[in-house]
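Written out below as structure tokens is the structure these notes cover.
Both counts, for ligands and for their atoms, begin at 1 and track the order of listing.
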Amino acid sequence: MQKKHLRIAILGYGTVGRATVDILQKRAQSIADKSGVYIEVVAVLLRTAKLDIAPSVQAIATCDRKAVLEDENIDCYVELIGGVDVAYSIVRELLSRGKFVVTANKAMLALHGEELWALARKNNTCIGVEASCCAGVPLIRAIADGLIANSIHAVYGIVNGTCNFILTKMEEKSISYKKALEISITQGIAEADPSLDVQGLDAAHKIAIMSSLAFSLKVSFSDIAVQGIDNIDQVDMRHAKELGYRFKLIAAAYKVKDGITIWVRPVLLIEDHPLAAVKDTFNAVSIFGDTNGHTLYYGRGAGGEPTASAVIGDIISIGIGNWQSLFEYSGQWQDLNTHRNQVPAGQTQHRYYLRMHVDDSHGVLAEIAAVFTNYSVSFATVLQKKVENQDTKQALLIIITHETLENNMKKVLSALENLSCVYDAKTMIPIFDLDEEKIASLK
Ligand code: HSE
């Protein structure tokens, strides 16, 4: 049933490059039988000849970048180099020559997407980007195509598998962040340098790409408030669990009164929230549209084969002309979008979890309550616990507030710090409970 033959080059032979070549060498014919497009890998560009190359790849592997990039017989290039600078320069060169490009490079798209889409448009070509957000979970297609009848109100979820794995292990094994990170490195889940993941930047790249499409928005990446998981204390995880909450690193973009807010941060989710059940390296994203209501996408958001699944889907889509049409007809791409007000996280409303130590004596709670009253913040739950193994007359105080502005909470914390009866009032974690009803009210 094959109707089209595409010759492709894979640029980069890391985990995703290897998985893509492997799948295509084994299954190109059965994929062609289903899709109508036969994909032939004609070149694999290596960073260094020292790499361990599969026997079936040796004849097509090369370090000659110029020869691969200028080969007129190659129809589509799959950029799997990673990092920003080299990939960006190669993709620009390819788009300038009107070549089709497929990429999984979220950092490059989040930082340079607007320019790259404009360059593709100018040269009558396009870039397949499904693999950039949560690998094989088809989020880009859902937003750009399947949900097109909706006005989207919110996109949020767990988009970083490494962070989710670390948080799951901290919770299940009652271990510190440091210990859970070590396990994730030993198991090959976290990179040797995990900073992009644990500091929230990888999640920020993904939410930048998704929100740009979902809201037809020119995203200002530097205006996304980003906080990672590297400061999460096991103590808070334990108390939150007792109170019926789970820690998750959430990337969110949703409508608020004066625009769109986009942020990445660790939050608490009530334990029966659908995302609270997402464990280990799995990703899950909720999308709320006005026509369709809530849809939830769940799956493996990282790794060689899941990413290769999205990459191959994009190559096929280019082969049958779908990506080109989507790019040509849809007005959602960064280069066509306009800036809208990106509302800072400080102006958003949440409930909050606070933890502090206080003198265990009369009148202390009244002093603390006066500070909350002063900033119109209302208590929902107050939990006082004995401080173990200490001679001091201190107690641990955990407060859950009703919904309030983050800026109010910051004022409350700084006023509490000035009370002589309060110690280390620094821990403030938002409780994220944007549900269908609240989202409907944001229209
Ligand atoms: N390192 C990412 C994760 C996958 O752990 O989800 C690539 O974005």
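- Ranking protein heavy atoms by distance to atom 7 (C) of ligand 1, first place goes to Lys106 NZ, 3.4 Å.
- Contacts of Thr162 with ligand 1, taken as heavy-atom pairs under 4.0 Å, involve both backbone and side chain.
- In this structure, Asn341 contributes its side chain and Gly259 its backbone to no donor-acceptor pair below 3.5 Å.
- Assignment of Lys206 to the shell around ligand 1 is supported, since a heavy atom sits closer than 4.0 Å.
- A salt bridge is absent between Asp75 and Lys99: the closest approach of a Lys/Arg side-chain nitrogen to an acidic carboxylate oxygen does not fall below 4.0 angstrom.
- Tyr177 does not carry Lys179 over the face of its six-membered ring by the limits of under 6.0 Å from the centre and within 45° of the normal.
- Listed for the Thr348 side chain is no donor-acceptor partner under 3.5 Å among the backbone atoms of Pro344.
- Evaluated by nearest non-hydrogen atom to atom 1 (N) of ligand 1, the leading choice among Val16, Asp197, Leu196 is Asp197.
- When hydrogens are left out, the protein atom nearest atom 6 (O) of ligand 1 is Gly161 N, 2.7 Å; that is the closest non-hydrogen contact.
- Ring planes of Trp323 and Trp333: tilted class, angle from 30 to 60°.
- If you check which protein heavy atom lies closest to atom 4 (C) of ligand 1, you get Ala302 CB, 3.5 Å.
- Within the cation-pi definition used here (under 6.0 Å to the ring centroid, within 45° of the axis), Arg92 qualifies as a partner of Tyr88.
- At a heavy-atom distance under 4.0 Å, only side-chain atoms of Asp202, from C-beta outward, approach ligand 1.
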